[in-house]
Asks: 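Below you will find the structure I want to go over with you.
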Amino acid sequence: MAIDLQPWLDGIDASMVFHPANAFVISCGTVTLDLSRGKVLLIWNRNLQIFQLPKGRRNIDEPMLNAALRETYEETGVRATPLKLNIATRATPPTVDEGADGAAQKSPQITEGHLSTEFVGTCLYPDPQSDTKALKAVFFFVATADSTATGDNGTQEAYEKLEASWVPIAEVDQKLRFASEVAVVTKAVADIRKSGYTINSA
């Protein structure tokens, strides 16, 4: 007996939302850690008087990881290095093994067991800085840096009033203003440990 797919397709149609490019902001940032000292790189936003993760808008045609590292450098003066992790992701694996019968296998819905620099998570919210209605998606990547190294000066835009701050991991939930950014750091730390890296205590 044929299965009626129309209710299922109607449900997809009802839940699908179109956002034109000028109403959707792609922002990229990092959770940058000093693994040997157990610290996370935050920014103190003097304009808003809050701690945040470093992030900013992607440039046209710029890969998201590049944007995340660039924005981190511009906002903090710190040159971060992406960290390859075993991240559970919806991205498809580089290759899919054949089945026992030699037939090609469908890619898994969730890929694990591959070291990669895929984004660790994203935060979605209406863009509070936009003059017109826009949805903002911030993609976060995991990186490392030396918290004792002196950052470069003069990397920020003229209007930015940001200060780089290395904070012990245990204090992140008390420092960050936004709960979703705390969740991003928590996920990054869990993935780092799952991937076999050691994080020392601050």
Asks: Scan the side chains in residues 11-28 for donor-acceptor partners under 3.5 Å anywhere in the protein, sequence neighbours excluded, and list what turns up.
Replies:
from: S15; atom 1: OG; to: G11; atom 2: O; distance (Å): 3.2
from: S15; atom 1: OG; to: I12; atom 2: O; distance (Å): 3.1
from: S27; atom 1: OG; to: G56; atom 2: N; distance (Å): 3.4
from: S27; atom 1: OG; to: G56; atom 2: O; distance (Å): 3.0

Asks: Keeping to residues at least two apart or across chains, list the ring pair (Phe, Tyr, Trp, His ring centres under 6.0 Å) pairs with something in residues 61-92.
Replies: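 Ring pair (Phe, Tyr, Trp, His ring centres under 6.0 Å) check on residues 61-92 returns no pairs.
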Asks: Is any side-chain N of the basic residue among R70 and E62 closer than 4.0 Å to the acidic one's carboxylate O?
Replies: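 Salt bridge between R70 and E62, a charged N being under 4.0 Å from a carboxylate O: yes.
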Asks: Search all heavy atoms of A68 against all heavy atoms of G29 and return the closest pair with its distance.
Replies: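 Where A68 meets G29 most closely, the heavy atoms are CB-O, 3.4 Å.
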Asks: Considering only heavy atoms from C-beta outward, does the side chain of W44 approach that of L162 to under 4.5 Å?
Replies: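 No, side chains not in contact.
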Asks: Looking at side-chain heavy atoms only, is the closest gap between S116 and L85 below 4.5 Å?
Replies: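 Sidechains of L85 and S116: no contact.
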Asks: Can you check side chain to side chain contact (heavy atoms under 4.5 Å, CB included) on V120 and D191, steps first, answer last?
Replies: CA-CA 8 Å; V120 72; D191 282 344; 3.3 Å; yes
Asks: Could you please spell out the steps behind the side chain to side chain contact (heavy atoms under 4.5 Å, CB included) verdict for L83 and Y197?
Replies: CA-CA 10 Å; L83 186 63; Y197 297 98; 3.6 Å; yes
Asks: Taking side chain as C-beta onward, heavy atoms only, is V40 less than 4.5 Å from L42?
Replies: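 A side-chain contact under 4.5 Å exists here.
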Asks: Give me the atom names and distance for the closest heavy-atom approach of F119 to F141.
Replies: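 Closest approach of F119 to F141: N-CE2, 3.5 Å.
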Asks: Which heavy atom of K55 sits nearest a heavy atom of E181, and at what distance?
Replies: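 Taking every non-hydrogen atom into account, NZ-OE2, 2.8 Å.
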Asks: Please determine whether a side-chain nitrogen of the Lys or Arg among K194 and E112 lies less than 4.0 Å from a carboxylate oxygen of the Asp or Glu.
Replies: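 Salt bridge present between K194 and E112.
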Asks: Report yes if some heavy atom in the side chain of R193 is under 4.5 Å from a heavy atom in the side chain of I199; otherwise report no.
Replies: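 Side chain of R193 against side chain of I199, heavy atoms only: contact under 4.5 Å found.
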Asks: Determine whether the side chains of T72 and T30 contain a donor N or O and an acceptor N or O closer than 3.5 Å.
Replies: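 Yes, side-chain donor-acceptor contact under 3.5 Å.
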Asks: Looking at every heavy atom in both H114 and P93, which two are closest together, and how far apart are they?
Replies: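 Minimum heavy-atom separation between H114 and P93: NE2-CB, 3.6 Å.
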Asks: Examine I169 and V78 and state if one hydrophobic cluster contains both, with Ile, Leu, Val, Met, Phe, Trp and Tyr joined whenever side-chain heavy atoms are less than 4.5 Å apart.
Replies: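 No, I169 and V78 fall in different hydrophobic clusters.
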Asks: Honestly curious: do M64 and Y125 fall in one hydrophobic cluster under the side-chain, below-4.5 Å linking rule?
Replies: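 No; tracing contacts between hydrophobic side chains, which count when under 4.5 Å, never links both residues.
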Asks: Identify the heavy atoms of P126 and L135 that sit nearest to each other, and give their distance.
Replies: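 What the structure gives for the nearest pair is N-CD1, 4.2 Å.
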Asks: Are any of the side-chain heavy atoms of I43 and T76 separated by less than 4.5 Å?
Replies: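 They are in side-chain contact.
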Asks: With clusters defined by side-chain heavy atoms of hydrophobic residues (ILVMFWY) lying less than 4.5 Å apart, directly or transitively, does V142 cluster with V172?
Replies: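 Yes, because V172 and V142 connect within a single hydrophobic cluster, where side-chain heavy atoms sit under 4.5 Å apart.
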Asks: Run the salt-bridge test on R46 and E160 with the 4.0 Å N-O cut-off and return the result as yes or no.
Replies: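 Not counted as a salt bridge, because no side-chain N and carboxylate O are separated by less than 4.0 Å.
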Asks: Rounded to the nearest 0.5 Å, what's the gap from CG on L33 to CG on L41? Could you check?
Replies: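 Rounded to the nearest 0.5 Å, the CG-CG separation comes out at 9.0 Å.
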Asks: Heavy atoms, side chains only, cut-off 4.5 Å: are W166 and D34 in contact?
Replies: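 A side-chain contact under 4.5 Å exists here.
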Asks: Go through the steps to decide whether R90 and I110 satisfy the test side chain to side chain contact (heavy atoms under 4.5 Å, CB included), and finish with yes or no.
Replies: CA-CA 5 Å; R90 294 279 177 169; I110 298 177; 3.8 Å; yes
Asks: For Q52 and F178, work out which heavy atoms get closest and say how close.
Replies: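 Closest pair (atom of Q52, atom of F178, distance): NE2-CE1, 3.9 Å.
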Asks: For Q156 and E74, run side chain to side chain contact (heavy atoms under 4.5 Å, CB included): C-alpha distance rounded to whole Å, both residues' side-chain angles, the deciding distance at 0.1 Å, then the answer.
Replies: CA-CA 5 Å; Q156 295 179 21; E74 289 178 359; over 6 Å; no
Asks: Would you tell me whether N153 and T155 have side-chain atoms, one donor and one acceptor, within less than 3.5 Å of each other?
Replies: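 Distance-only check fails for N153 and T155.
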Asks: Under a 4.5 Å cut-off applied to non-hydrogen side-chain atoms, are K136 and Q129 in contact?
Replies: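 Result yes, sub-4.5 Å side-chain heavy-atom pair found.
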Asks: Check this for me: does any side-chain nitrogen of one of D127 and K133 sit under 4.0 Å from a carboxylate oxygen of the other?
Replies: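 Judged by the 4.0 Å cut-off on N to carboxylate O distance, D127 and K133 do not form a salt bridge.
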Asks: Keeping the roles fixed (side chain from T111, backbone from A91), state whether a donor-acceptor pair exists under 3.5 Å.
Replies: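 Yes: the side chain of T111 pairs with the backbone of A91.
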Asks: Measure the NZ-CG distance between K161 and L48 for me, rounded to the nearest 0.5 Å.
Replies: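 Separation between the atoms: 13.0 Å.
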Asks: So do V185 and L176 actually touch side chain to side chain, heavy atoms under 4.5 Å?
Replies: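 A side-chain contact exists here, since the closest heavy-atom pair is under 4.5 Å.
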